[in-house]
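Naming: A, B, ... by sequence-line order, numbering from 1 per chain.
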Number of protein chains: 2
Amino acid sequence: MVTIRDVAKESGFSSTTVSIVLNNAPLARYIPAPTKKRIERAAKKLGYRPNLFARSLRSKRSHTVGVMVFDMTDPYCTLILRGIENSLYQSSYLPILTDVHNEGSRFERYLEMLLDRRIEGLIVLANWLFLDINLLADLEKSSIPTAVIGCELKTDSISSVIVDNELGGHVALEHLHSLGHRKIAFIRGPKTLGDSAPRWKGVRSFAQVNNLELDPRLVVDLPESRDPISGFEDGYKLTEELIKRKRPFTALMAFDDLTAFGAIRALTKAGIRVPEQCSVIGFDDVAPSALYTPPLTTVRQPMEVMGNMTVSIIVDGMNAVLEKKTTGAVHRKVAPELVVRESTRGIL
Amino acid sequence: MVTIRDVAKESGFSSTTVSIVLNNAPLARYIPAPTKKRIERAAKKLGYRPNLFARSLRSKRSHTVGVMVFDMTDPYCTLILRGIENSLYQSSYLPILTDVHNEGSRFERYLEMLLDRRIEGLIVLANWLFLDINLLADLEKSSIPTAVIGCELKTDSISSVIVDNELGGHVALEHLHSLGHRKIAFIRGPKTLGDSAPRWKGVRSFAQVNNLELDPRLVVDLPESRDPISGFEDGYKLTEELIKRKRPFTALMAFDDLTAFGAIRALTKAGIRVPEQCSVIGFDDVAPSALYTPPLTTVRQPMEVMGNMTVSIIVDGMNAVLEKKTTGAVHRKVAPELVVRESTRGIL
DNA sequence: TCCCGAAGTTCGATTTAAATG
DNA sequence: GCATTTAAATCGAACTTCGGG
């Protein structure tokens, strides 16, 4: 490997000067152009690449950000990860990706590994959370800018980016209502999930304002689960259950897209055509939704944007750390967007 | 931050001894148990964590592996990444994830960044490849164990893991044939994609052995494209085109699952029910396939296993490097597996 | 005082060589 | 020679201090 001393020898200057020139340090102001030229040429000639271990040892910087995903196989992650990756790339940080598999022990182990590597920032991608006080404390005293995506937080040490679930619920019901639907079934999220309550609140507030009656016999709840695929299976079962109740409905609002897929499957199996006989709306707009037959109408979380946003928050945080300033946590709630495709239709 | 010297002071021994004890180095044989105890207790008491920058600077090891994905949004990636992550975790390596966005320049930039960080191994996830001689040369001389998933390679410096496409093509057609289908349409892969030819070869060989005639008017080719979603759109258009040709077919074999989704959409739009009037089979078994309506019959690539396998190859390679042995590249071709769901059905 | 460059110290751990009883 | 411990050199870059013009 070629070191800075090799460049020094080759160029005829000391390693100090080489360092100053190649890093364009403040002192480089004083160094005459010819000297710079010679050093730069020598560096290029030898193919010099500074040793990041050595550099990091001195500077205490790693230019690395930890990304912890609770479950990679959740389609919700993909676009967010893309957004994170892309923004990080712009800022010349590299991500270490860890997948916690929804296990607390794995979270702790990975967190330790990341801390050992002196990550400068941490992004956690979780739609539910088991972060207990201990872990929060660990992070707080480490003073590493941290942001969570998909989970509302009250702490002022950890930032958060989340979709406006209440607005989303509102928008979804508004869409069905505007199509003329009045008998609407709902598959709500698991009670333990933070998203569930606000989404339902949005639904209720729209219903109230518009004098829409919500039939409690058409409302069911997803059971708690950490497996992303179970939303599909449970959506299927709950829809079967709804059909069995013999309370007619012309539209169904699913907690998320996977649940909607399960619902469509169950409706289709029961001979109920979507959207001719029953409209279905999802939430999230994960990638497969656009490819589904019928293409799914849904409430989109702007996932890529949320990824970008999160990076910008922690980059700001990291810059603040570098300048020894302190910044409080930032909490962003982004507006969802109705995406009308073909799984919903007006009532004849 | 607490350093090894703090531990030395606290325990009353020198930093040398502390290092020897905590790393359980060969010399630790000579160190009496009481000494070890005291050092370990001091370390624990202070919460000592060795500085990895310093350690890496000496040892020249990073315990880091680079993972380059050509396009994260390709659903093909997800499970493979999960397999990679999980195996890496077992081996205590951490992955740096980079997404090349199908751009050569981005590939080069990322490769440089990874090399600068002294990754000990590299995994490239590509279903097509623009690796030119230059990049290969770079990697060769760097002597970093490298493996490519999803692309057949001839080099003996870079390992590869790939599904047996020919067998897959064979298996898919065999399935349709066994269901009684004789008039079968084919959407083949883009000519420039390495997977396309062998899959078609498998199809042809099965047809030949079983005296099945392949009507060239029922065979169309996907155009070249780097965008994963385009498989869907092109599948849609090509299926419309096939329908327009008025050559009846009772089954359609799509190049991959996304193409199959597009085909199903087109068939449905044309009033042709799947599978009642036309069976459709895909390839890959990406996550959405099981959730589709109808659930997609497909030829599964064992993606998680392929990820595991690739890690085991490069871990072996990295161990060889540590022991200054040399190992040649490993090339693995794994068997796909037919997954029968509900998009295919026997002819009445 | 301003400009240019270098010697020497530091970051924190590992390792070699050597000193002790 | 042996068991036990350590001072000092090393890894490669960056920064502090200093000297000469």
Side-chain angles (χ1 to χ4, degrees), chain A residues 1-40 42-44 46-64 113 115-118 120 322 324, chain B residues 1-40 42-44 46-64 113 115-118 120 322 324:
Chain A
M1 215 62 256
V2 27
T3 77
I4 199 173
R5 268 175 278 271
D6 298 323
V7 179
K9 207 170 295 172
E10 174 75 23
S11 65
F13 293 95
S14 75
S15 57
T16 310
T17 311
V18 174
S19 173
I20 292 170
V21 169
L22 293 184
N23 292 303
N24 200 21
L27 282 162
R29 292 191 300 120
Y30 301 129
I31 293 178
T35 304
K36 290 184 181 173
K37 277 257 159 55
R38 275 166 58 194
I39 289 177
E40 275 151 10
K44 178 166 289 178
L46 300 180
Y48 170 67
R49 309 242 83 203
N51 182 317
L52 293 193
F53 298 147
R55 176 175 283 182
S56 292
L57 179 58
R58 279 276 345 191
S59 66
K60 295 178 181 330
R61 294 202 54 190
S62 66
H63 293 276
T64 303
M113 292 172 82
L115 258 20
D116 279 348
R117 279 160 197 255
R118 302 287 196 277
E120 296 183 38
L322 289 181
K324 290 172 209 298
Chain B
M1 213 62 257
V2 28
T3 75
I4 200 172
R5 266 175 279 271
D6 299 322
V7 178
K9 209 171 293 173
E10 173 74 22
S11 65
F13 293 95
S14 73
S15 56
T16 309
T17 311
V18 172
S19 172
I20 291 169
V21 169
L22 294 183
N23 292 301
N24 199 20
L27 259 67
R29 291 192 303 118
Y30 301 125
I31 294 180
T35 303
K36 290 184 181 172
K37 277 255 158 57
R38 276 166 59 194
I39 290 178
E40 274 152 9
K44 178 166 289 177
L46 300 181
Y48 171 66
R49 309 241 83 202
N51 182 316
L52 293 192
F53 297 149
R55 177 175 280 181
S56 292
L57 179 57
R58 282 259 9 175
S59 68
K60 295 177 180 334
R61 294 202 54 189
S62 65
H63 292 275
T64 302
M113 292 173 83
L115 258 19
D116 279 349
R117 279 158 197 258
R118 303 285 198 277
E120 297 183 37
L322 289 180
K324 292 169 207 293

Starting at [atom1] of [X] and ending at [atom2] of [N], how long is that distance when rounded to a whole Å?
X     : N      : atom1 : atom2 : result
A:R61 : C:dC11 : CZ    : C1'   : 16 Å
B:Y30 : C:dA19 : OH    : P     : 18 Å
A:I31 : C:dC2  : CD1   : P     : 17 Å
B:R29 : D:dT5  : CZ    : C1'   : 15 Å
B:K9  : D:dT6  : NZ    : P     : 14 Å

Using a 4.0 Å heavy-atom cut-off, does A:T35 contact any base of the nucleic acid, only the sugar-phosphate backbone, or nothing at all? sugar-phosphate
Any [X] side-chain heavy atom under 4.5 Å of [Y] side chain:
X     : Y      : value
B:T64 : B:R118 : no
A:R55 : B:D116 : no
B:L22 : B:P50  : no

How does protein reach along nucleotides 11-21 of chain D, written 5' to 3' as B (base within reach of a heavy atom under 4.0 Å), S (only sugar-phosphate), or - (no contact)? BBBBBB-----
Would you indicate whether A:K36, at its atom NZ, is surrounded by more than 12 heavy atoms from other residues, nucleotides or ligands within a distance under 6.0 Å? yes
Please lay out, stage by stage, how B:S19 and B:T16 fare under the test side chain to side chain donor-acceptor pair (under 3.5 Å). CA-CA 5 Å; B:S19 172; B:T16 309; over 6 Å; no
Atom of B:E120, atom of B:S62 and distance for their closest heavy-atom approach: OE2-N, 2.8 Å
